[in-house]
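Position 1 is the first residue of the sequence; numbering continues from there.
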Amino acid sequence: MSEKLKVGILGGTGMVGQRFIALLENHPWFSVTTIAASARSAGKTYEEAVGGRWKMDTPMPEAVKKIVVMNVSEVEAVAAKVDFVFSAVDMTKEEIKKIEEAYAKTETPVVSNNSAHRWTPDVPMVVPEINPEHMEVIRYQKKRLGTERGFVAVKPNCSIQSYAPVLTAWKEFEPYEVVATTYQAISGAGKTFADWPEMTGNIIPYIGGEEEKSEKEPLRIWGKVEDGVIKPAQTPLITCQCIRVPVLNGHTAAVFVKFKKKPSKEELIARLEAFAGVPQKLGLPSAPKQFIRYLEEDNRPQVALDVDYENGMGVSVGRLREDTVYDWKFVGLSHNTVRGAAGGAILCAELLKAQGYIEMK
């Protein structure tokens with residue numbers, strides 16, 4: 001590709017915005033040319049606006065330091081500078097819906113990390129390995145918005161990435177009842193231990209809205225496109241608890257599953273290791289070569305050892321064993337701000353480009 005697509009980051013000063021900027025450094029298809037944030041950051045260079053709040057392990061990319069931050073609310077001005085935008089804005093759900101559609105109506109595709117549009121019937125919510133065909137609803141959304149190339153697409157919640165892909169790999173065995181408990185990192189709240197010292201050595205058994213998302217969003221991903229909207233699947237029945245734990249990055253899930261068909265352990269592991277999707281077939285730049293791996297050791301997966309598997313874009317599974325109440329149980333792990341947030345959105349944008357939905361203006 002001779003010329004990269006020009007990308008804007010909406011909400012570029014927050015933790016997920018920073019993750020977008022870190023992951024997009026030297027991306028082969030996309031170049032961050034514009035960063036937008038709240039009015040208090042507008043007019044400053046990105047380096048000045050972030051100040052001492054850079055939360056990534058890697059240094060701030062030199063290429064973005066001197067970019068002058070724009071006001072995210074000046075939609076036309078921001079949209080005029082880019083081919084498409086990633087959205088990681090920190091606003092109310094209604095404000096996010098409004099501003100993302102405003103960008104789409106300027107003929108600027110929006111790939112969002114936010115939850116605001118996840119249940120808008122004609123907005124695709126996609127894990128590219130699982131439901132790439134859901135991008136089909138974009139043509140119906142464009143009719144509603146009155147756009148030629150502008151639309152909104154979203155990625156699902158970070159909490160489901162450690163178990164929904166696993167259940168997808170096992171679809172042929174017809175899982176029908178699932179109990180999941182997720183142990184979620186503090187970066188999911190946009191925090192580090194410096195920001196949130198009371199999380200050190202602590203567990204909080206509540207994350208607002210997270211259990212509902214964890215139970216319902218997989219069903220939308222497994223749904224079908226009918227009459228221009230996505231109709232969620234009805235099964236499996238999922239019940240979930242979400243717990244905040246003193247870990248910086250990485251969401252772990254302990255999951256129990258009942259199946260209509262009775263697979264062996266060997267069959268379950270084989271399906272995990274063979275599971276691949278369109279991103280792997282197309283060799284998309286951010287796609288993990290092996291999406292899901294199985295670890296035989298009793299003490300894996302561990303956040304300290306496994307969270308960065310496939311550059312944070314893969315899922316690690318272990319402790320698969322028969323259960324006395326359910327059929328099988330396992331532990332899954334995914335990186336919440338890479339696969340679960342910015343990286344998952346970047347992979348969605350790569351898929352959208354490959355499918356012809358995102359092009360140069």
Side-chain angles (χ1 to χ4, degrees), residues 15-16 18-30 56-58 61 86 111 113 126-132 155-171 182-185 187-188 218 221 247-255 268-297 299-320 330-354:
M15 182 177 267
V16 174
Q18 291 178 26
R19 181 67 77 182
F20 272 118
I21 283 165
L23 291 175
L24 287 166
E25 186 179 18
N26 301 318
H27 192 281
W29 296 358
F30 307 145
M56 300 297 104
D57 296 334
T58 53
F86 289 110
V111 182
N113 182 68
V126 171
V127 176
E129 286 88 350
I130 297 177
N131 60 327
K155 52 145 286 298
N157 200 46
C158 53
S159 64
I160 73 170
Q161 311 285 338
S162 52
Y163 61 91
V166 176
L167 297 171
T168 306
W170 293 341
K171 193 174 178 183
T182 59
Y183 302 89
Q184 300 189 201
S187 57
I221 290 168
V247 164
L248 180 60
N249 294 310
H251 287 358
T252 300
V255 186
L268 291 171
I269 292 172
R271 298 308 185 275
L272 294 180
E273 295 188 330
F275 186 64
V278 170
Q280 286 70 38
K281 292 186 181 81
L282 295 178
L284 297 179
S286 299
K289 288 190 170 49
Q290 184 173 338
F291 183 24
I292 307 172
R293 66 167 173 179
Y294 185 75
L295 299 164
E296 296 283 354
E297 299 93 328
N299 64 349
R300 304 280 287 278
Q302 290 182 32
V303 168
L305 299 176
D306 302 311
V307 75
D308 291 320
Y309 168 61
E310 288 279 16
N311 299 312
M313 290 296 287
V315 178
S316 296
V317 178
R319 301 211 68 214
L320 177 64
F330 70 91
V331 175
L333 170 67
S334 62
H335 196 305
N336 57 296
T337 66
V338 182
R339 167 58 76 163
I346 291 168
L347 189 60
C348 283
E350 292 169 358
L351 175 65
L352 287 160
K353 180 192 174 299

Find out whether [X] and [Y] are in side-chain contact, i.e. whether some heavy atom of one side chain is under 4.5 Å from a heavy atom of the other.
X: K155; Y: N113; answer: yes
X: V331; Y: V317; answer: no
X: L272; Y: W170; answer: yes
X: N336; Y: Q184; answer: no
X: V315; Y: L333; answer: no
X: I292; Y: Q290; answer: no
X: H251; Y: Y183; answer: no
X: R293; Y: D306; answer: yes

Apply the test side chain to side chain contact (heavy atoms under 4.5 Å, CB included) to residues V166 and V255: give CA-CA distance (whole Å), side-chain angles for both, the deciding distance (0.1 Å), then the verdict.
-> CA-CA 10 Å; V166 176; V255 186; over 6 Å; no
What distance separates [X] [atom1] from [Y] [atom2], expressed to the nearest 0.5 Å?
X: K353; Y: F30; atom1: NZ; atom2: CZ; result: 7.0 Å
X: N249; Y: D308; atom1: CG; atom2: CG; result: 7.5 Å
X: E273; Y: F291; atom1: CD; atom2: CZ; result: 14.0 Å

Residues forming a salt bridge (Lys or Arg N to Asp or Glu O under 4.0 Å) with [X], sequence neighbours excluded:
X: E129; value: R339
X: R319; value: none
X: E296; value: none

What is the minimum heavy-atom distance between [X] and [Y], and which atoms define it?
X: Q161; Y: S334; answer: CB-OG, 3.5 Å
X: S286; Y: L347; answer: C-CD1, 4.0 Å
X: G250; Y: V303; answer: O-CG2, 4.4 Å
X: P165; Y: I130; answer: CA-CD1, 3.9 Å

Sequence neighbours left out, what passes side chain to side chain contact (heavy atoms under 4.5 Å, CB included) with D57? Give chain and number order.
->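 Expected list: none.
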Among all residues two or more places apart in sequence or in another chain, which pass the side chain to side chain contact (heavy atoms under 4.5 Å, CB included) test with A354?
->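 A354: side chain to side chain contact (heavy atoms under 4.5 Å, CB included) contacts with L282, L284.
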Of all residues at least two apart in sequence or in a different chain, which pass the ring pair (Phe, Tyr, Trp, His ring centres under 6.0 Å) check with F86?
->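 Partners of F86 under the ring pair (Phe, Tyr, Trp, His ring centres under 6.0 Å) test: F20, F84.
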Given Q280 and K289, is the side chain to side chain contact (heavy atoms under 4.5 Å, CB included) satisfied, shown in steps?
-> CA-CA 6 Å; Q280 286 70 38; K289 288 190 170 49; over 6 Å; no
Dump the intermediate steps for side chain to side chain contact (heavy atoms under 4.5 Å, CB included) on L295 and S316, then the final yes or no.
-> CA-CA 7 Å; L295 299 164; S316 296; 4.1 Å; yes
Checking side chain to side chain contact (heavy atoms under 4.5 Å, CB included) for the pair L268/L320: CA distance, chi angles, key distance, verdict?
-> CA-CA 9 Å; L268 291 171; L320 177 64; 3.8 Å; yes
N/O donor-acceptor pair under 3.5 Å between S187 side chain and L248 backbone |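 Between the backbone of L248 and the side chain of S187 there is a qualifying donor-acceptor contact (under 3.5 Å).
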Ignoring hydrogens and angles, state whether a donor on the side chain of E350 or H27 is under 3.5 Å from an acceptor on the partner side chain.
->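 A pair is found: one side chain offers a donor N or O, the other an acceptor, under 3.5 Å apart.
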